[in-house]
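On a predicted model such as this, the values are computed, not experimentally measured, just so you know. Note that these values count all heavy atoms, side chains included, but never hydrogens, waters or copies made by symmetry.
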Protein chains: 2
Amino acid sequence: MKAYKIPEATVIRLSIYSRQLSNLRKAGVETVSSEEIANSVGVSSAQVRKDLAYFGEFGTRGVGYRVDELLGNLTKILGLTKEWNLAIIGAGKLGSALALYEGFRQRGFSIRAIVDVDHKRVGLDLAGVVVDPLDRLETLIKERDIKIGIITVPAAEAQRVTDRLVDAGVPAVLNFSPQVLRVPPHVVLRNVDLAVNLKVLSFNLSHNS
Amino acid sequence: MKAYKIPEATVIRLSIYSRQLSNLRKAGVETVSSEEIANSVGVSSAQVRKDLAYFGEFGTRGVGYRVDELLGNLTKILGLTKEWNLAIIGAGKLGSALALYEGFRQRGFSIRAIVDVDHKRVGLDLAGVVVDPLDRLETLIKERDIKIGIITVPAAEAQRVTDRLVDAGVPAVLNFSPQVLRVPPHVVLRNVDLAVNLKVLSFNLSHNS
DNA sequence: ACTCCTTTGTTACCAAAATCACTATCCTTA
DNA sequence: TAAGGATAGTGATTTTGGTAACAAAGGAGT
């Protein structure tokens with residue numbers, strides 16, 4: 001599991017493969033070919049094989065891949081054998097929706113803290129997690145071993161809370177705010193920008209036709 | 001504004017530039033250099049210039065770009081001079097959060113319909129838009145000239161409602177469900193997969209250190 | 001055991017995107 | 001009005017990611 005520079009596109013596809021394999025396993029399928037995976041995801045079979053080749057040999061020629069085995073390997077590759085503790089920063093509309101959303105409460109990830117500046121929101125119970133005051137951020141991060149911080153505060157506050165997360169030792173940030181964030185190189189950052197997504201659609205609508 | 005094959009990464013950056021320029025304009029800044037834009041976004045100045053070069057010459061050498069002028073051009077390029085009508089399919093946690101979220105109610109985009117199968121949700125008022133029954137989907141699309149459909153239904157229903165959107169003539173889909181969607185080539189599709197984002201972070205956390 | 005069929009793993013090739021380096025042009029000021 | 005400094009625009013180069021083709025390897029059937 002070495003393989004130094006893995007393209008981000010590959011990692012994204014791997015996580016989609018893992019989801020499809022999970023579905024196949026539920027459906028009782030035992031083996032699958034790169035071609036079948038490719039079709040279900042909408043890429044080429046060569047792409048699938050190449051993505052997997054970064055990490056080893058998981059199939060048998062002439063046969064394909066054993067679903068449970070490949071899924072196990074992808075789970076290891078993606079680091080999903082352990083549980084990652086999450087904190088949501090900002091219990092507004094988006095933050096609470098994410099807290100309640102099932103898609104976020106899945107194997108491998110556990111929402112352990114939700115914080116907000118607004119005292120009216122403190123004390124609310126969101127699917128079993130009680131909203132704490134923002135002051136307690138650093139304490140909670142340490143006490144609950146938070147590894148991923150999810151930013152759902154307004155743009156104006158986003159950098160400030162991110163700095164606090166980073167200073168408190170959180171190694172990964174998922175940013176939902178419409179704000180470019182600065183983090184030191186050892187911190188992993190991903191952006192989910194809803195406005196940008198709409199603008200990209202707008203661009204394509206304006207030019208494709 | 002011809003420029004046939006524009007990299008998606010470029011379009012994403014352009015929409016981020018436009019946001020930064022918007023902030024600059026609010027701050028009263030009149031001119032800006034590619035270097036300054038680059039610094040505020042975290043890319044190289046050459047990248048900024050190259051992205052803009054796909055569409056024309058917007059700056060003056062030795063000086064930089066006029067903020068309002070460049071913003072105007074980006075607005076045109078991104079197709080944000082007209083209003084795009086949105087429909088949210090699925091008024092669950094995520095769908096209603098998006099409906100209420102300010103980030104979605106911004107210049108250029110207007111939520112015109114929200115639908116759900118669940119009759120308990122029909123009739124709810126979400127920031128001025130009343131939830132309609134899913135049956136009315138096709139009617140609403142035509143009546144309200146919906147151009148972008150936002151999928152926030154469970155994975156199992158995602159392809160079905162997408163097909164209905166496509167058949168009703170919706171040219172763009174923003175998919176929040178954890179499901180690979182098939183659309184014909186003339187339909188623009190973007191995916192915002194929360195689980196995938198977490199998995200990519202997990203991968204990086206597991207390998208970066 | 002031999003042959004054929006299938007499908008993986010891998011290499012070589014190609015395309016696309018990012019970076020770099022250079023040139024052209026404008027503004028300022030002496 | 002000439003010169004210097006700044007910065008946009010652009011062509012060349014490098015890097016990266018994707019495609020395609022093929023050799024290696026396993027299984028099935030005769």
Side-chain angles (χ1 to χ4, degrees), chain A residues 1-17 20-21 24 29-71 73-74 77 200 203-204 207, chain B residues 1-17 20-21 24 29-74 77 200 203-204:
Chain A
M1 217 167 291
K2 268 289 56 170
Y4 257 38
K5 196 52 193 164
I6 310 294
E8 164 158 317
T10 290
V11 179
I12 291 172
R13 283 190 298 268
L14 288 176
S15 79
I16 296 173
Y17 303 158
Q20 305 295 55
L21 287 167
L24 288 177
V29 178
E30 297 203 334
T31 61
V32 68
S33 69
S34 60
E35 185 69 36
E36 291 167 316
I37 296 175
N39 287 336
S40 83
V41 173
V43 300
S44 73
S45 64
Q47 182 79 80
V48 172
R49 294 197 296 278
K50 189 149 203 208
D51 286 337
L52 296 175
Y54 284 107
F55 300 95
E57 306 188 4
F58 305 114
T60 58
R61 301 176 186 212
V63 179
Y65 304 89
R66 297 219 36 185
V67 170
D68 53 1
E69 190 183 315
L70 183 54
L71 179 55
N73 278 305
L74 286 179
I77 291 166
V200 173
F203 174 87
N204 286 311
H207 292 71
Chain B
M1 217 167 291
K2 43 326 97 93
Y4 259 39
K5 196 51 192 163
I6 310 294
E8 165 157 317
T10 290
V11 180
I12 291 172
R13 283 191 298 268
L14 288 175
S15 78
I16 296 173
Y17 304 158
Q20 304 296 57
L21 287 166
L24 288 176
V29 178
E30 298 204 333
T31 61
V32 67
S33 68
S34 60
E35 184 68 36
E36 291 168 316
I37 296 175
N39 287 336
S40 83
V41 173
V43 299
S44 73
S45 64
Q47 182 78 81
V48 172
R49 293 196 298 275
K50 192 138 209 225
D51 286 336
L52 296 175
Y54 283 108
F55 301 94
E57 307 188 3
F58 304 113
T60 58
R61 304 178 185 205
V63 180
Y65 304 90
R66 296 220 38 185
V67 170
D68 54 1
E69 190 183 316
L70 183 55
L71 180 55
N73 279 305
L74 286 179
I77 290 167
V200 173
F203 174 88
N204 286 311

Nucleotide nearest B/Q47 when distance is taken to its side chain, options C/dA18, C/dC20, D/dT7: C/dA18

Polar contact flag, side-chain donor to acceptor under 3.5 angstrom, B/S34-B/R49: yes

Between P of C/dA18 and CD1 of B/I6, the distance in whole Å: 12 Å

Spacing of A/R13 atom CZ and A/Q47 atom CD [to the nearest 0.5 Å]: 3.5 Å

Nucleotide of D/dT7, D/dG18, C/dT8 approaching B/S33 most closely (side-chain heavy atoms): D/dT7

Donor/acceptor link under 3.5 angstrom from A/K50 side chain onto base of D/dG18: yes

From B/Q20 atom CD to B/L70 atom CG, the distance as rounded to the nearest 0.5 Å: 12.0 Å

Whole angstrom value for the distance that separates P of C/dA18 from CD of B/E8: 11 Å

Rounded distance [0.5 Å steps], CZ in A/F203 versus CG in B/L74: 11.0 Å

Atom pair distance, as rounded to whole Å: OH in A/Y54 and P in C/dT8: 18 Å

Below 4.0 Å: OP1/OP2 of C/dT6 and any side-chain N or O of A/Y65: no

OG1 on A/T10 to CZ on A/F55, rounded to 0.5 Å: 7.5 Å

Distance below 4.0 Å between A/S34 side-chain N/O and C/dT8 OP1 or OP2: yes

Given DNA chain D, 5'-ward residue of the pair A/P7 and B/G56, judged by closest heavy atom: B/G56

Under 4.0 Å protein heavy-atom contacts per nucleotide of nucleotides 25-30 of chain C, with B for base, S for backbone only and - for none: BBS---

Gap between atoms CG and P, on A/L70 and C/dT7 respectively (whole Å): 16 Å

Identified side chain to side chain contact (heavy atoms under 4.5 Å, CB included) partner of B/I37 from the options B/I16, B/V43, B/V32: B/V32

Between C/dG9 (P) and A/E57 (CD): distance, integer Å: 6 Å

Length of the CD-P vector between A/E35 and D/dA20, whole Å: 12 Å

Between D/dT10 (P) and B/F55 (CZ): distance, integer Å: 14 Å

Spacing of B/N73 atom CG relative to D/dG9 atom P, expressed in whole Å: 11 Å

Value rounded to 0.5 Å, distance of CG in A/N73 from CG in A/L52: 9.0 Å

